[in-house]
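To start, the structure itself, in structure tokens.
Counting convention: from 1, in listed order, for ligands and their atoms alike. This one's a predicted model, so the numbers in the text were calculated from it and none came from an experiment.
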Amino acid sequence: MDAVLSLNNISKSYGPIQALKNVSFEVPPGTVFGILGPNGSGKTTLLSIILDVLKANNGNFLWFGHAGSPEQRKRIGSLLETPNFYHYLSAVDNLKITQSISKRGNLQDIDIALKKVNLFDRRKSRFSTFSLGMKQRLAIAAALLGSPKVLVLDEPTNGLDPVGIAEIRNLIVELKNNGHTIIMASHLLDEVEKVCTHVAILKSGTLITTGDVDDVLMDEDLVEVKAADIN
Ligand code: ATP
């Protein structure tokens, strides 16, 4: 089957800082694909490039085997930053506002997205009454509007309490089991081990290795990288 995403020699500099150096890998369909690396290794830069928020200096990438078209873009949902939800509005009203801005999907899609993140029963509750995990699940529901096949998430458990972290990790696995492909950045080795099926490890903008999580994380040569750089 075609790769969901193929990266080919992506490089990016910010002035003298080279954030990404000739990064190439493929994301197979139906996977939870972790982009693992310590702070400053280039994860957010890479996600911003594949979402067209930033332009690479060199290299190219293909979604579903093609250079980006608006139709293909609709198959990709993303969560790079926490959305600004209104605390005094309900979950459903917040998603109506998100939808009117993003123009993704229709009213029915809001219910579908709320069901996917297990918040349908709380759709009429005010955002202010939600736990941290529920707030993040609503953010993921916003990314799911329009039923995209692929979700791109930047450090989705950052800033959450232990309950919220477990909720989001379980949700990611559930979404994968329901046919979504998830691409997620993380600096947590144990998170990638628990949640991801595949991984690409970045260190100072360079791809160290990529493949099945079980194969990659068993690799003896990575012991040093694992111990020293990823915490
Ligand atoms: P973090 O988890 O801390 O966000 P990261 O792995 O996502 O780290 P990036 O944020 O992509 O890494 O940063 C990669 C490198 O590029 C770092 O050296 C960072 O300081 C630098 N960088 C990122 N954004 C900018 C910018 N707008 N201007 C200059 N340098 C930047």
Can you name the atoms of ligand 1, numbered from 1 with element, that are less than 4.0 Å from a heavy atom of [X]?
X: Pro38; value: 6 (O)
X: Ser41; value: 5 (P), 6 (O), 12 (O)
X: Lys43; value: 2 (O), 5 (P), 6 (O), 7 (O), 8 (O), 11 (O), 12 (O)

Parallel, tilted or perpendicular: ring planes of Phe61 versus Trp63, cut at 30 and 60 degrees: perpendicular
Between [X] and [Y]: side-chain donor-acceptor atoms closer than 3.5 Å:
X: Thr129; Y: Arg122; value: yes
X: Glu155; Y: Ser186; value: no
X: Asn118; Y: Glu174; value: yes
X: Lys43; Y: His187; value: no

Best match, Ile35, Leu54, Thr45: closest heavy atom to atom 11 (O) of ligand 1: Thr45
From the candidates Ile49, Leu202, Leu20, Asn39, the one that places a heavy atom nearest atom 2 (O) of ligand 1: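 Of the listed residues, Asn39 has the closest heavy atom.
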Shortest protein heavy-atom distance from [atom], along with the residue and atom involved:
atom: atom 31 (C) of ligand 1; result: Tyr14 CD1, 3.3 Å
atom: atom 20 (O) of ligand 1; result: Ile17 CD1, 4.9 Å
atom: atom 10 (O) of ligand 1; result: Thr44 CB, 3.9 Å

Atom pair OG1 (Thr45) and CG (Leu54), whose distance is rounded to the nearest 0.5 Å: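 Atom-to-atom, Thr45:OG1 and Leu54:CG are 6.5 Å apart.
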Region of Glu155 that comes within reach of ligand 1 [heavy atoms, distance under 4.0 Å]: side chain
Within-cut-off N or O pair, Gly40 and ligand 1, under 3.5 Å: yes
Gly42 N/O to ligand 1 N/O under 3.5 Å: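 By distance alone, the answer is yes.
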Ring centers of Tyr88, Phe127 separated by less than 6.0 Å: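 Between Tyr88 and Phe127, the centre distance exceeds or equals 6.0 Å.
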Protein heavy atom under 4.0 Å of atom 25 (C) of ligand 1: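 Under the 4.0 Å cut-off, atom 25 (C) of ligand 1 does have protein heavy-atom neighbours.
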Within 6.0 angstrom of Lys135 NZ, more than 12 heavy atoms from elsewhere: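 Enclosed: over 12 neighbouring heavy atoms sit under 6.0 Å from NZ of Lys135.
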